[in-house]
Structures are given as structure tokens and as C-alpha cells.
Amino acid sequence: MEPGAIALAAIYWVYCIRQLKRLAVAMFVGSSNSIGGRFCIRFFDSPVKHGSSIGYGNYRNDRSVCLTWSDLARYALTLDGFGAVKPDQISADFYLALVRQLLDVDSSGQWIGRSQYLGGESSFKTAYSFFLGSVAAAYMAEKEYGASLLMHVLDPTLLAAHKGRYCDFFAVKDDGTALLFEAKGTTKSQLRGSTVASARRQLASISSVKDTSSGRTYTSFERHIVGSCMPQGLFEIHDIDPPGKEPGTVEFSFDEAAWFHYGAVAAAMSSGEALPRSHPNDFVMFDCGAVEVGAPSAISELIEEYRHIATHDGFYGKIRDALAQDLETDEMKLERSPKIEVEKSEDSLMSIGRDGIVVRLKSDYAPYGFFLEAPDGSI
């Protein structure tokens, strides 16, 4: 065969392989695995009932709910950035890759733990399980309790007063009710008694939370231990209500905490490629490799304003006002319903949070890697 013919044949086979890859992607995006699946939330009245030998017979109630891949990606991104380390493209890729390596959807449409996670080395499983517990806390805060912003209590750059081992997260519902969350995780069917006892102490150690940016103090809370569990390999969230409290005050800036919550969007706006909008009121979206990240116009404009100034004073109040105005839009009301069904459509590739953060999966998104082709088009 002539060298020219060989070269043409090689180009043809490369083309065929790429077309097959694209076909596989299209088939994947149309499957239930690309959209998401269902999992169970179990609600327990107390740590005693959760740890009872009766086991699951003691939960107050349970519910099967939906979680899309796009939801999962959005929760992973909002957990990015802690302390002095701020989100960037590399950290976004890391969090997105991590959550997809831990969970999968089986043929029946149920969320499950991947075998590499469930059978991994114990130290790795501990770290991964805490991450999934934090994802579970983000889900519960938003979908079950109506809180727009989940704020890290233990971020060392936020705390003005730190005199104890406190819980992980603080949030405020749209109706003003304050929430405290302690996130835990395990590859077992439920959290160990010692883990729940530790979580209860961490939640009980806080009697008040003071926002140093506004001076407002919260002294009444709903407290929740949220655990990601894996009974028989199936992903579940356990919500446990621990009673009691002890003296202890936490003080941090809600302005800074709220800014950190939007770190992924701010990072996308600073380094991502802005995507064209078909209408001025559309979401402002940025290309972030595996996904597109953005927010409604009013929120993105607010983030853009604060991105160029040295202080974040007043950001929490302004973002709450913007969210309150946006709350009644059709897109938000649809996405914020905790009972929304997963539909096999392109719409399921987009996740819109109560915080206004939007994550849209790209057409070549797959749970086990960012690209079936390299960014430069190579195989």
C-alpha cells in the first residue's frame, strides 16, 4: 500500500473511532445514569433511636427522593474552597472528579457507592465519607430545610471566636430559622454510636452564633446530624435530631462566609470563558471544563461587583435580597421543590440551587472522566 493511502486510511480510522466515541456519549446522556437516580432519606428523632438494636424500625419516617448528576456536581463545587485556599480550575476539576468516583447509579436507578470506594483503604474511606457527608448536608440544607447558603463554621479565616470543637455548618432558612449541621459519613449501613455521640457533642457545644458583619446573634437552632451511609452498598442519608445544648458562642462574618459559598462562581468568572447569552435576563454561564457554572444576572452582577473590591462588607445582606427577589421565578420554584422528579431530558443536565448557582453538564460529561477526548481533540 502506498504511503499516501496508508495515511488516508489512518485518518479514516481515527475519524471512525471519534464518531463511535461521540455515539457512545450520546447514548450515555440519554440513559438514566447520566441524569441521576433515587436514594432514601431516613429521619430519626434521636441518636438513641438511630443506634437502637431495632435498627431501621426506629426511624420517624423515610422518603425516596431524586438526585441528578448535575445536582451532585453543584454540591461538590460549593464545598470547594476552605481557609486561605480559594477555588480555581484545578480544585473544581478535583471536586467534580472525586464525587463521580465515589457514587454511581445502578441499572435499577438507585444511587450506589462505587466498589473502589466501598472496598478502599480505611483512611481513604474516612476522608471520602466525610466529603459525602458534607454533600449530604448541602442537600438536606437546601432541599429539605429551605436554606439558600450553607456556611462553614470551622473555616479558620472566618472564626472570630473559637473555644471548642464545633459542628461543621450553619445555615438560615428563608423564614429566618437558624440551622446547625454536623456532617458524618460511613460505608456501613449506619453511623457508629461513637460517631453519633461525637456529632451530638459538637452540635451541643454551640449556644449562639454571632454574625460579626451585622452584629446579629442567633440563639435558637434546629440541630441535625447528617450522615451518608451505605446499607448493602446503597447510598442513603440519615438525618438525626439530637436534643440538648451546652454553653458556647461562635462568631464569624456572614459576609465572608457567603462570599466563600460563591467561590466556585467567582473563580469561574475570573478564569473561565464567558458563554454567549440568548437574552439579557438569561443565566450568566462560564465554561469550566467538565461543566458550565454560572448564576442569574442579578447574582452574577453582584459577584462581579465584589470580585473587584478588597472588602466583602454587606455581601450577605445583598445576596439574600437578590435571592428573595429571584425566589418566585418559574425556574427556581421548579428546581427548589424537594419532590421534583428526574426527567429524561436535556433539562436534567442543569441544576439550579436555592443559592442561584447554576451547573450545567456538558454533552460529553461522563461519571468516570471529564472528557472522552482530550481538550486538544486528541484521543
Taking the six-membered ring for Trp, are [X] and [Y] parallel (under 30°), tilted (30 to 60°) or perpendicular (over 60°)?
| X | Y | answer |
| --- | --- | --- |
| Trp69 | Trp111 | perpendicular |
| Phe170 | Phe221 | perpendicular |
| Tyr139 | Tyr75 | perpendicular |

For the pair Phe169 and Val226, evaluate side chain to side chain contact (heavy atoms under 4.5 Å, CB included) and give the outcome as yes or no after the intermediate values.
-> CA-CA 11 Å; Phe169 300 106; Val226 176; over 6 Å; no
Could you go step by step and tell me if His224 and Leu179 meet the side chain to side chain contact (heavy atoms under 4.5 Å, CB included) rule?
-> CA-CA 8 Å; His224 298 274; Leu179 300 158; 4.1 Å; yes
For the [atom1] atom of [X] and the [atom2] atom of [Y], what is their distance to the nearest 0.5 Å?
| X | Y | atom1 | atom2 | result |
| --- | --- | --- | --- | --- |
| Met230 | Leu132 | CE | CG | 5.5 Å |
| Gln190 | His238 | CD | NE2 | 7.0 Å |
| Leu96 | Cys288 | CG | SG | 8.5 Å |
| Thr195 | Arg200 | OG1 | CZ | 15.0 Å |
| Ser220 | Arg223 | OG | CZ | 8.5 Å |
| Leu79 | Ser91 | CG | OG | 11.5 Å |

Check: [X]/[Y] side-chain N/O donor and acceptor closer than 3.5 Å:
| X | Y | result |
| --- | --- | --- |
| Asp93 | Gln89 | yes |
| Gln202 | Ser198 | yes |
| Thr177 | Asp175 | yes |

Locate the shortest heavy-atom distance separating [X] from [Y]; write the atom from each residue and the value.
| X | Y | result |
| --- | --- | --- |
| Ala73 | Leu361 | CB-CD2, 4.3 Å |
| Asp71 | Ser351 | OD1-OG, 2.5 Å |
| Ala258 | Leu149 | CB-CD1, 4.0 Å |
| Glu236 | Pro231 | CD-CG, 3.3 Å |
| Leu150 | Ala138 | CD2-CA, 3.6 Å |
| Ser189 | Cys229 | O-CB, 3.5 Å |

Side chain of [X], backbone of [Y]: donor and acceptor closer than 3.5 Å?
| X | Y | value |
| --- | --- | --- |
| Asp255 | Ser213 | no |
| Asp80 | Pro87 | no |
| Glu292 | Asp287 | no |
| Ser148 | Asp355 | no |

Selection residues 303-316 - residue pairs positive for salt bridge (Lys or Arg N to Asp or Glu O under 4.0 Å), sequence neighbours left out | Glu304-Arg307, Glu305-Lys318
Taking it one step at a time, do Glu144 and Asp239 satisfy side chain to side chain contact (heavy atoms under 4.5 Å, CB included)?
-> CA-CA 10 Å; Glu144 294 296 324; Asp239 183 293; over 6 Å; no
Near Glu121 CD, under 6.0 Å, is it more than 12 heavy atoms from other residues, nucleotides or ligands?
-> yes
Centroid-to-centroid, Tyr262 to Tyr306, below 6.0 Å?
->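 That pair fails the under 6.0 Å test.
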Within the 4.5 Å heavy-atom criterion, are [X] and [Y] side-chain neighbours or not?
| X | Y | result |
| --- | --- | --- |
| Tyr117 | Gln101 | no |
| Val172 | Tyr316 | yes |
| Ile206 | Leu180 | yes |
| Val65 | Lys143 | no |
| Met151 | Phe260 | no |
| Glu256 | Thr212 | no |
| Lys210 | Ser208 | no |
| Ile357 | His261 | yes |

Would Leu98 and Phe130 show up in the same hydrophobic cluster when neighbours are defined by side-chain heavy atoms closer than 4.5 Å?
-> no
Using the rule that two of Ile, Leu, Val, Met, Phe, Trp, Tyr join whenever any of their side-chain heavy atoms come within less than 4.5 Å, decide whether Ile309 and Val265 are in one cluster.
->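 Yes, same cluster.
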Quick one: name the residues clustered hydrophobically with Ile112, using the 4.5 Å side-chain heavy-atom rule over I, L, V, M, F, W, Y, and just say none if it's on its own.
-> Leu234
Who pairs with Lys173 by salt bridge (charged side-chain N to carboxylate O under 4.0 Å, His left out), at least two apart in sequence or on another chain?
-> Glu222
Can you check side chain to side chain contact (heavy atoms under 4.5 Å, CB included) on Ile299 and Ile319, steps first, answer last?
-> CA-CA 7 Å; Ile299 294 173; Ile319 204 73; 3.7 Å; yes
